[in-house]
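Order of the sequence lines fixes the chain letters, A, B, ..., with proteins taken first and strands second; residue numbering starts at 1 for each chain. Note: hydrogens, waters and symmetry copies are ignored here, and every other heavy atom, side chains too, is used.
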There are 2 protein chains.
Amino acid sequence: MKLRQYEKSELTKERILEAAVDEFAEKGFYGARVDAIAEASGINKRMLYAHFESKEKLYAKVLLIAYEWIAARERECMVEDEDPIDAIKGFVNMTFDFLLENPKFIRLLMWENLNRAVSIPKDELVKLKEPTFEYIRQKIRLGKKLGTVRESVDEHQIVLSVMSFAFAYFSNAHTMSALMDRNLTSREDVLRRSEFISDMIVKYLEA
Amino acid sequence: MKLRQYEKSELTKERILEAAVDEFAEKGFYGARVDAIAEASGINKRMLYAHFESKEKLYAKVLLIAYEWIAARERECMVEDEDPIDAIKGFVNMTFDFLLENPKFIRLLMWENLNRAVSIPKDELVKLKEPTFEYIRQKIRLGKKLGTVRESVDEHQIVLSVMSFAFAYFSNAHTMSALMDRNLTSREDVLRRSEFISDMIVKYLEA
DNA sequence: CAAGAAAGTAACCGTTTGGTTATTTTTGCT
DNA sequence: AGCAAAAATAACCAAACGGTTACTTTCTTG
């Protein structure tokens, strides 16, 4: 199979990004080594700098990919005419599922939070996440209209909860697993936690 | 004021640890620079290595301090004969309060989770945290006995929730603040979140 | 095919890193 | 006072770091 020059170039770029995702997820920006990324992708370090100006720029690109990764999954999950309670339950379960399958994503976001979320322009981040926010807010409002959600529920707090409880579980899993002497990231435990969290939120909404 | 040799030595050690807490909290293990710690504590780098064998050992010590820090606060919070519901509410609120006042602690723990919790021996960690675990478990059991907590409540899940929701809020605050265009770490917002979380857990227990 | 552009390589560079050596100063004890 | 142990300093080191230079090979296109 003959590839054109620019196709090969794109392939190289992807190989670099793949290796970069691994390295940055594992060690963060400070810990990641440009040489390690070059070697892992089987290319020369010079080419890495030809494709991505600097370590910083490469890191930003990796992060953007990670955000787009989950944003795509979130979009799939948004169903216009689903019942509010089911929709929120579904969203929470989807998030647990996604994070179980994508441990690298968890780590990249944790590093980024420690970097105080400076590596990605705020407006790009908002653009990616705003639809999800709006989706959950609307479901809550609809629920109130239908009478399945209490009027006094603070939608701001629910949005925060729906979007962070799953992540919190995984990001603390190592410490907590050590403490509980149990592998909390097993499929079984994750499923149970997912069920608990969505149930808890729903009970609060309906209470 | 004349100090004895070993007193001065202890003071130097403390100055190093103080600077190390700052540096490691800010930049994590990889990002932290031994030279920076030495300079910040106003001592010679050689003395740092005299007191703490290596960068790794120093980091482990810093982490242990951080854990002892909150463990002390947790012990204060444990009241033997308090009502189970009040006790759990109180514990959650205390945790929010502690984390609001100790942002360095949050960062140190986040780094450590990214290190997959390898820097501290598991048994030391368990020794520090087990009392808290047991306290919450007992309160739930007591609640069930008194009839204020539902029988079907999974105590394992509640322990996990009580111990991680506050932390989750703070550790994602930067990303979430950017998304919500609002400073979530203001005293006001933290208080509201604390109230919401404890209320949510309690509602679930009683439901 | 010619020739220039793009892709790729190896060797190198200045700086910074964690850690050490050799040496001097201060302290504690008799 | 005298002397050994502990505390402190400055200068240093090999390795590793992000990034670059100078050069060769491969591809595209008139």
Parallel, tilted or perpendicular: rings of F165(B) and F165(A) (30°, 60°): parallel

Parallel, tilted or perpendicular, as decided by the 30° and 60° cut-offs, for the rings of F91(B) and Y135(B): tilted

Those residues of residues 27-37 of chain A lying under 4.0 Å from DNA chain C by at least one heavy atom: none

Test of ring centre spacing under 6.0 Å for Y30(B) and F29(A): no

F170(B)/F98(B) aromatic ring centres below 6.0 Å: no

Check ion pair D123(B)-K127(B) (N to O, under 4.0 angstrom): no

For atom [atom1] of [X] and atom [atom2] of [N], their distance in whole Å:
{"X": "E23(B)", "N": "dG18(C)", "atom1": "CD", "atom2": "C1'", "result": "13 Å"}
{"X": "I16(A)", "N": "dG8(C)", "atom1": "CD1", "atom2": "P", "result": "9 Å"}
{"X": "H51(B)", "N": "dA7(D)", "atom1": "NE2", "atom2": "P", "result": "6 Å"}
{"X": "E53(B)", "N": "dG18(C)", "atom1": "CD", "atom2": "C1'", "result": "14 Å"}
{"X": "E56(A)", "N": "dG19(D)", "atom1": "CD", "atom2": "P", "result": "6 Å"}
{"X": "Y49(A)", "N": "dA7(C)", "atom1": "OH", "atom2": "P", "result": "19 Å"}
{"X": "I43(A)", "N": "dA6(C)", "atom1": "CD1", "atom2": "P", "result": "18 Å"}
{"X": "F52(B)", "N": "dG19(C)", "atom1": "CZ", "atom2": "P", "result": "14 Å"}

Polar side-chain contact K55(A)-dG19(D) base: donor and acceptor under 3.5 Å: no

Pair of N/O donor and acceptor under 3.5 Å linking dA7(D) base with N44(B) side chain: no

Among dT20(C), dG19(D), dG19(C), the nucleotide that comes nearest once only the side chain of R46(B) is considered: dT20(C)

Nearest-nucleotide pick for M47(B), side chain only, options being dG19(D), dA7(D), dG8(C): dA7(D)

Side-chain N,O (T12(A)) to OP1/OP2 (dG8(C)) below 4.0 Å: yes

Closest-nucleotide ordering on DNA chain D, the 5'-leading residue of S54(A) and G42(B): G42(B)

Check: Y67(B) and L109(B) side chains under 4.5 Å, non-hydrogen atoms: yes

Within 6.0 angstrom of K61(A) NZ, more than 12 heavy atoms from elsewhere: no

